J.: 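Questions regarding the structure given below will be posed in turn.
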There are 2 protein chains.
Amino acid sequence: MAVTIRDVARQAQVSVSTVSRALSAPGLVKDATRQRVLDVVAGLGYQPNRAARSLITGRTGNLAVVVPDLLNPFFPSVLRGVQTKAGEAGTSVFFCDSREDPETEAELVRTMASQVDGVVLCASLLSDETIIDLAAATPLVLINRIVPGVSSVLMDSANGMEQVVTHLESLGHRDYVYLGGPAAAWSNNRRMQGLNGRAQLLGSFDPNFDGGYTAAEQALSTGATAFIAYNDLIALGALAYLAEHDVKVPEQISVTGFDDILYATMCSPALTTVHMPTEAAGEVAVDLLATLLEGGQPEHRELPTTLVIRASTARAHSQS
Amino acid sequence: MAVTIRDVARQAQVSVSTVSRALSAPGLVKDATRQRVLDVVAGLGYQPNRAARSLITGRTGNLAVVVPDLLNPFFPSVLRGVQTKAGEAGTSVFFCDSREDPETEAELVRTMASQVDGVVLCASLLSDETIIDLAAATPLVLINRIVPGVSSVLMDSANGMEQVVTHLESLGHRDYVYLGGPAAAWSNNRRMQGLNGRAQLLGSFDPNFDGGYTAAEQALSTGATAFIAYNDLIALGALAYLAEHDVKVPEQISVTGFDDILYATMCSPALTTVHMPTEAAGEVAVDLLATLLEGGQPEHRELPTTLVIRASTARAHSQS
DNA sequence: TTGAAAGCGCTAACAC
DNA sequence: GTGTTAGCGCTTTCAA
């Protein structure tokens, strides 16, 4: 069996409570005593049993992060942010992938709720009511979603999209088309807001490569000089379609993405897109969770997004 | 406070031990009694306190998976496999990103060891000795690494590479060059084995886009008709370099990747590469962990890889 | 500043 | 088949 607090107490010639205090409330123990205890702890390699501690304090020292799709390059980087910040506080992180299924998502949150101090929920597919219920039962922070009364951190997509529009306008584009994401997606609406009604809207496409491929076909017939994609994956699909049909990007048509995933730098031409501070979002989410755990009020944070200009946008050609 | 086993016992008019048994050893309880207990459990929404259970059983019902880099698209899919399989057993999963640092990696495994039943360690950067030490202290399963006496699951890279070579040979290529990954990487050596000494070897490159870009420059001067990249990222970098220098792929030069990451289908030309059963590897790792926890012996599994032929390879041109 | 003792919620002997 | 009871390892009153 592992070394327990009693082993430490015995060897340090103090009571178990003194050992406990030396570790979790150092101020309450005389310096000399504490030092002796700490030495023994180090010598024995004692690690407090988290289950026992948790049983009495009611805190687990763990948290969970729930995402809709781990394979979407957007989320691993959120996870990384969460882990970075949580790690600083000695907190470990559970991950859960809901596979884009709302029921699974709710189920996961409920399951985790009992074994963690709080949950970070990314890009939730749940209804406001369900989220409010969940938030009542366990400290909860949302990423990329706003629900009244629930903590959340947002990446300012609307503004990011405004930057895209401004950029395109400055290049002389007047006629551009938005290759929309899923109509139900909350973030799709945010991004559309940033368009300020300046773009033609094209139906909702699957937010992946194939969706973009399909979208480009439709978009091409509009005669627009620029395509604004809901996300990088759609933009990439569009790029592929255009390449196959010998439409030169950006000479004939400019294309923009959104999210700045890894591959946005690797395609050809490299994609002009909006960078999302995903890792920072994960970190901030952990901060908000900490606030909640200390009895603080739900908070809302919005992180700035930045346009990254690469090679897929250029001055509009005069003739379509 | 949450509902406890006593609340259930009281309402179901049985003792706490009956409730406990009804939940974790159903066979020991009369059907009628168990049903009554289960009804109350459902009615009250009772969830056993894992900390309390863990305190007495010594099992946490959790496991951890440690990866070197969450942002590498290879690993999230391993995570997903781990979670899928673990979830079936009601096990939750911690994730840790070592950021390619061996010290951090060892530290993480040690930290997690005390709060989980076992650890899945992916593409470890640690020495054999360290891994053996770790495995002695906690149930451990390796992915993509072999260490004597430690459970592991491997994806058969050597065979995958042989398939690449066979494919290239069948297309008439006789002079091809290997764009190598990190010399220290265990998987690089495995992949080189599959080459069977048939390829020219080019130094070790960073296993990313930039590394591939650099590699292509050197490879071009060898006059080879095909480039075999250590992984998809290097292949993608090579593709970009070749495109910029107006070298047609696959007409002039064939290029192959390895891993079959998402982007391998999205680039142009789509990459011929070796598909790795990453998700399956994660699942199998959990199985091996389960074996270990039941007192079984360390096991070694090797999963088959498959060549995926896309558009980046073609018949060798006659003249270089 | 320290120690003794009472549990946290649960499982696992041990009785019946 | 079911109930009683003794802890698992720890924190936290309460006394001293």
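Remember, predicted model here, so these are calculated numbers, not experimental data. Residue numbers begin at 1 in each chain, while the letters A, B, ... track the order of the sequences.
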J.: I need the CD-P distance between A/Gln115 and C/dG9, as an integer number of Å.
T.: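 Checked: the CD to P distance equals 17 Å.
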
J.: Going by distance alone, is a donor N or O of one side chain under 3.5 Å from an acceptor N or O of the other, for B/Gln115 and B/Thr60?
T.: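 The answer is no; no qualifying pair exists.
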
J.: Quiz question: going by heavy-atom distance under 3.5 Å, is there a donor-acceptor pair between the base of D/dT4 and the side chain of B/Ser17?
T.: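 Such a pair exists between side chain and base.
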
J.: Counting heavy atoms not belonging to A/Glu103, are there more than 12 under 6.0 Å from its CD?
T.: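 Incorrect, the count does not exceed 12.
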
J.: Think B/Thr18 has a side-chain N or O under 4.0 angstrom from the OP1 or OP2 of D/dG3?
T.: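 Looking at the OP1 and OP2 atoms of D/dG3, one of them is under 4.0 Å from a side-chain N or O of B/Thr18.
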
J.: For A/Arg6 and C/dA4, give me the distance from atom CZ to atom P, rounded to whole Å.
T.: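 So the CZ-P distance, A/Arg6 to C/dA4, works out to 11 Å.
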
J.: Can you tell me the distance, in whole Å, between the CZ atom of A/Arg21 and the C1' atom of C/dA5?
T.: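 From A/Arg21 CZ to C/dA5 C1': 12 Å.
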
J.: So, is B/Thr57 near the phosphate of C/dA12, with a side-chain N or O under 4.0 Å from OP1 or OP2?
T.: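 Checking C/dA12 against B/Thr57, no side-chain N or O comes under 4.0 Å of OP1 or OP2.
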
J.: Counting heavy atoms not belonging to A/Glu100, are there more than 12 under 6.0 Å from its CD?
T.: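 Enclosed: over 12 neighbouring heavy atoms sit under 6.0 Å from CD of A/Glu100.
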
J.: May I have the distance from A/Leu55 (atom CG) to C/dA6 (atom C1'), rounded to whole angstrom?
T.: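 It works out to 13 Å between those atoms.
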
J.: Send over the distance from B/Leu28 CG to C/dA13 P, rounded to a whole Å.
T.: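 After rounding, the reported distance stands at 12 Å.
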
J.: Between B/Ser20 and B/Ser17, does any side-chain donor sit less than 3.5 Å from a side-chain acceptor?
T.: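 No, because no side-chain N or O of B/Ser20 sits under 3.5 Å from a partner of the opposite role on B/Ser17.
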
J.: Using OP1 and OP2 only, check whether a side-chain N or O of A/Ser54 sits under 4.0 Å from D/dC10.
T.: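 False: A/Ser54 side-chain N/O out of range (4.0 Å or more) of D/dC10 OP1/OP2.
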
J.: Is B/Ser20 near enough to C/dT11 that one of its side-chain N or O atoms lies under 4.0 angstrom from OP1 or OP2?
T.: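 For B/Ser20, the contact criterion (side-chain N or O under 4.0 Å from OP1 or OP2 of C/dT11) is met.
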
J.: Expressed in angstrom and rounded to an integer, what is the separation of A/Arg53 atom CZ from C/dG7 atom P?
T.: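 Distance check: A/Arg53 CZ to C/dG7 P gives 22 Å.
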
J.: Expressed as a whole number of angstroms, how long is the span from B/Ile5:CD1 to C/dC10:P?
T.: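 That distance rounds to 5 Å.
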
